[in-house]
There are 4 protein chains.
Amino acid sequence: MDIHTKHTQVRPAHIDRARMLISCPDAPGIVATVSKFLFDHGANIIQSDQYSMNPDGGMFFMRVEFDLPQLSSRLPKLESDFGSIAEQFQMEWYISDVSRRKKLAIFVSKEDHCLVELLWQWQAGDLDAEIGLVVSNHPDMKDYVESFGIPYHHIPVTPDTKKEAEERQLEVIGEDIDVIILARYMQIISPTFIEHYRNRIINIHHSFLPAFVGGKPYAQAYGRGVKLIGATAHYVTEELDGGPIIEQDVERVSHRDDVPELKRIGRTIERVVLARAVKWHVEDRILVHENKTVVFN
Amino acid sequence: MDIHTKHTQVRPAHIDRARMLISCPDAPGIVATVSKFLFDHGANIIQSDQYSMNPDGGMFFMRVEFDLPQLSSRLPKLESDFGSIAEQFQMEWYISDVSRRKKLAIFVSKEDHCLVELLWQWQAGDLDAEIGLVVSNHPDMKDYVESFGIPYHHIPVTPDTKKEAEERQLEVIGEDIDVIILARYMQIISPTFIEHYRNRIINIHHSFLPAFVGGKPYAQAYGRGVKLIGATAHYVTEELDGGPIIEQDVERVSHRDDVPELKRIGRTIERVVLARAVKWHVEDRILVHENKTVVFN
Amino acid sequence: MDIHTKHTQVRPAHIDRARMLISCPDAPGIVATVSKFLFDHGANIIQSDQYSMNPDGGMFFMRVEFDLPQLSSRLPKLESDFGSIAEQFQMEWYISDVSRRKKLAIFVSKEDHCLVELLWQWQAGDLDAEIGLVVSNHPDMKDYVESFGIPYHHIPVTPDTKKEAEERQLEVIGEDIDVIILARYMQIISPTFIEHYRNRIINIHHSFLPAFVGGKPYAQAYGRGVKLIGATAHYVTEELDGGPIIEQDVERVSHRDDVPELKRIGRTIERVVLARAVKWHVEDRILVHENKTVVFN
Amino acid sequence: MDIHTKHTQVRPAHIDRARMLISCPDAPGIVATVSKFLFDHGANIIQSDQYSMNPDGGMFFMRVEFDLPQLSSRLPKLESDFGSIAEQFQMEWYISDVSRRKKLAIFVSKEDHCLVELLWQWQAGDLDAEIGLVVSNHPDMKDYVESFGIPYHHIPVTPDTKKEAEERQLEVIGEDIDVIILARYMQIISPTFIEHYRNRIINIHHSFLPAFVGGKPYAQAYGRGVKLIGATAHYVTEELDGGPIIEQDVERVSHRDDVPELKRIGRTIERVVLARAVKWHVEDRILVHENKTVVFN
């Protein structure tokens, strides 16, 4: 028996369920039009969230979860019929079939805590996604990852081979990966790569109040006697650690916590915060506008 | 100059804004019907929240915040037009004019921390409501409350005069109070009184994990060495402290906290939790179904 | 390479380090006497915590962490020399050699989240202890546990075989286990067994504010619309779930969380809370007095 | 009756109680020497906390709370006797008579939430200190502060009169103020002034993860979609907002919170965090070393 594979089938509740995500300039009648459209097509709305940044000319965001019998065969027509509404309101939109679980690629370097948490949540059935592969610039986690039945690609990266390494990464990722998780992957991603996966690369990093400029942030935090340390999960943009924030959390520390203990606590927060961000992404709960997320959770 | 009265006027943003609250059995087409109705009447939806307990025959809850020019003159017709939709879906519903701030009556006994917090948030403009009066079975807070320009009614309660006291309370409350806040009011409210203000009486009490049966819960909590103490705000029902929960929170304690310190911490949580519950109530964010709240916040 | 075994050696910092734990009636001069004793024996105090429940006749608790060169060879004499001080102040006390890591037995039934968290923290080097064995009344986790190189004892329990099962458990545990962790072990432990491991059996269970009497607490919590769910780790006593509390925590939930989601969140809190309690136990941070813990953390 | 003055007397428990605070290079025998000294002088230790940054040549910090009959008459001799011990271990130290409550000066500009919280906690008996005076560069809060029987000094500050204003401030503060609280006081304090009250000026400011450089941090935080906003209380040093951190906390926010709502939440955290920092200062729980605090709480 493979000890790591349970809970990997589609849950029955998810058959014939879809999620529709919409961003557009706010205007009268959007909710009415969308909900009438779904009703006329025989869909039953399970949950619906809207948010208007500013009803007077701001952006409007909507997430609708609905059930539609024979979804998979009827989805193409539903999408094609929705085209004229989308055009009318200048919508960016997509519909996601819940029974088709999202596929992750996880990138990792040497620190394994975020990877292990994701594998563990996945194995426990708490992460409703597939893990397509793990990519690392180090060989260390190969045996562990493969024991879950997941392919592991060791692609070393040096300043000289960075470009080739990224090409190789894109190659092994292939075409059917929905989202890339940087689970403490310590290499900078190139703008070309980011462009390929716009708003589909999630990174995690430690965060402090205040922020500390320069190296060794944990040592600086210790020297300043911070009382909280935190972590931030965000989408990767060309600005380093400057992309739209998905989730943040903190934990309380005290003067008794030395630098290694601060790092240990930091790891715990990182794994929790990253796992939440991934969960919300695969459940289509996140919309991005400019440099900001709207998270319907 | 009266030192306590600022921020009491209606904020401009609230003119012509309304909130519609709906509970009904789930059925296809509710969102489409309601949003089309509002659109056809010229209303612009600012925010809309829905929740379905179970799409297969469960209850459906909806809160819509919308702007409608000339709201106050058009509201009667809007309500009357909505009647047939409400009937079709067996809705319980109401529309609330945001520019008409809700009116509170605050009941208090000797402990003043919850009352003081509400007065302070109100004075700071953070509680968008009017405080119509304060009722107490003790005279202690009279001068303090009146210094805010708020009427204070001292109505003593004894086992023998309980019935007369409640009649007197209902009399001073009059007809235009929307919600009654039991801000550490230590008398039991009669079923008759509760019936008058069904789901419109908010109480606050301390909470522990585990709960402690019998008297002196703080002493019991100390004896068991609890690590968290909490507070619960809920609507009052005939079952003592058993009504629908609106909000809860906890704070961390340790063995160093003796019983008086536990009580001090308890007071801090109580004032925060009660203030949140009151805020959500006056913003029409709470729907009650059976013994449970749906809070759209 | 065994993928699961790293960080299992003693950290250098722990050589020659010890912890002294003391409980006694408060009296003048305890701190002075103990610290002078340690100083006279060449020990250097690294950290010292005291707590007096009530200086006027209450109990006094002390934890001292100290370094002493050649600790292991000098510990017997240190302990024997301390005897007369201990007698003078009616102390309960012990000294623990930090380089000798505590040995755990983990009991588990079918739910594996707490076991997996402990194994993972242990493997990551965050749990400074040895895991001697896992005992279960089910065979399910055998392969998984053994993949860590840890013995797994499947000992079925039925109402008829309960006594024999416990005897068998005591047998496989042997003499050198320091603490037993009930990581969602769903059998009641007999008073005889508890007596063997007084204040050395740690249990975890869910907690609610308020508590719910009767079966299906998550369903009851859902029906009441609780806004927080929690977990409590405690030492096991003869009173079911009534022993001294070690740690508690909660997480926020909302009306959107159905019963399975509440259970999922509950599992996350349980694993965090149990792991903290175990960490504090193996670091000798907990003193028990009557039905209460003093936790020096 | 003055509505604002209750709980201002010394609590009986505090008579004959003192606190001793010590910082010095770590060395063997400190705890033994100090506790023996106190024992020999008839003092009974109520609570004692120590912390060693690094037993191998780091700093050592100690806080001892003790009872000594006839404290006030015996304190001078106790202090003078302690001199030789202090010299031997190169200690910085002081003993504080708990019955002599610390005296605060509160500085405020236009935003009143932190001032109001301090006044309210003081009035409720939760802040064990005296408020000697309030100083402001604006007249707005005069009536309110004076209604508590507290002197209010309106000292305008302009770029041209800054020096004279600070001289005037020092004059009205006089000689017996223990600590200055900058409760949203929006003027920069000069190095001369800071030197007068080294580690005795507490400031509060908002904090974000990540920090935002430049103006309008709340607008920037909104634009980035932060999920937490926080506040930091710290001692004032010559480096703007760069002094030793006393306390920090955060609150969760979402995309639904616009800039005014973020500011409202920020105010709530600021008042809680500042009040905790002030409480710990007046209870002699804070030791400062280099740019860091040790908080024994």
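None of the values given here were measured: they were computed from a predicted structure. Order of the sequence lines fixes the chain letters, A, B, ..., with proteins taken first and strands second; residue numbering starts at 1 for each chain.
Around atom CD of Glu79(D), more than 12 heavy atoms belonging to other residues, nucleotides or ligands sit under 6.0 Å away. Environment of NZ in Lys263(D): sparse, with no more than 12 heavy atoms of neighbouring residues, nucleotides or ligands closer than 6.0 Å. Crowding of Lys279(C) atom NZ: a count of heavy atoms from other residues, nucleotides or ligands under 6.0 Å exceeding 12. For Gln88(C), the CD atom counts as densely surrounded, since its 6.0 Å shell holds more than 12 non-hydrogen atoms of other residues, nucleotides or ligands. Within 6.0 Å of atom NZ in Lys102(D), more than 12 heavy atoms from other residues, nucleotides or ligands are found, so the atom counts as buried in its surroundings.
Taking CD1 of Ile46(C) as the start and CZ of Phe60(D) as the end, the distance is 10.5 Å to the nearest 0.5 Å. Taken to the nearest 0.5 Å, the CE atom of Met62(C) stands 7.0 Å off from the OG atom of Ser48(D). Summarising the geometry, atom CD1 belonging to Ile45(C) is positioned 9.5 Å from atom CD1 belonging to Ile30(D); distances are rounded to the nearest 0.5 Å.
Considering all non-hydrogen atoms of both residues, Gln47(D) and Gln50(C) come closest at CG-O, 4.3 Å.
Heavy-atom pairs under 4.5 Å with chain D peak, among Ala32(C), Gly42(C), Gly29(C), at Ala32(C). Highest contact tally toward chain C, considering only Ser52(D), Pro28(D), Ala43(D), is held by Pro28(D) [criterion: heavy-atom pairs under 4.5 Å].
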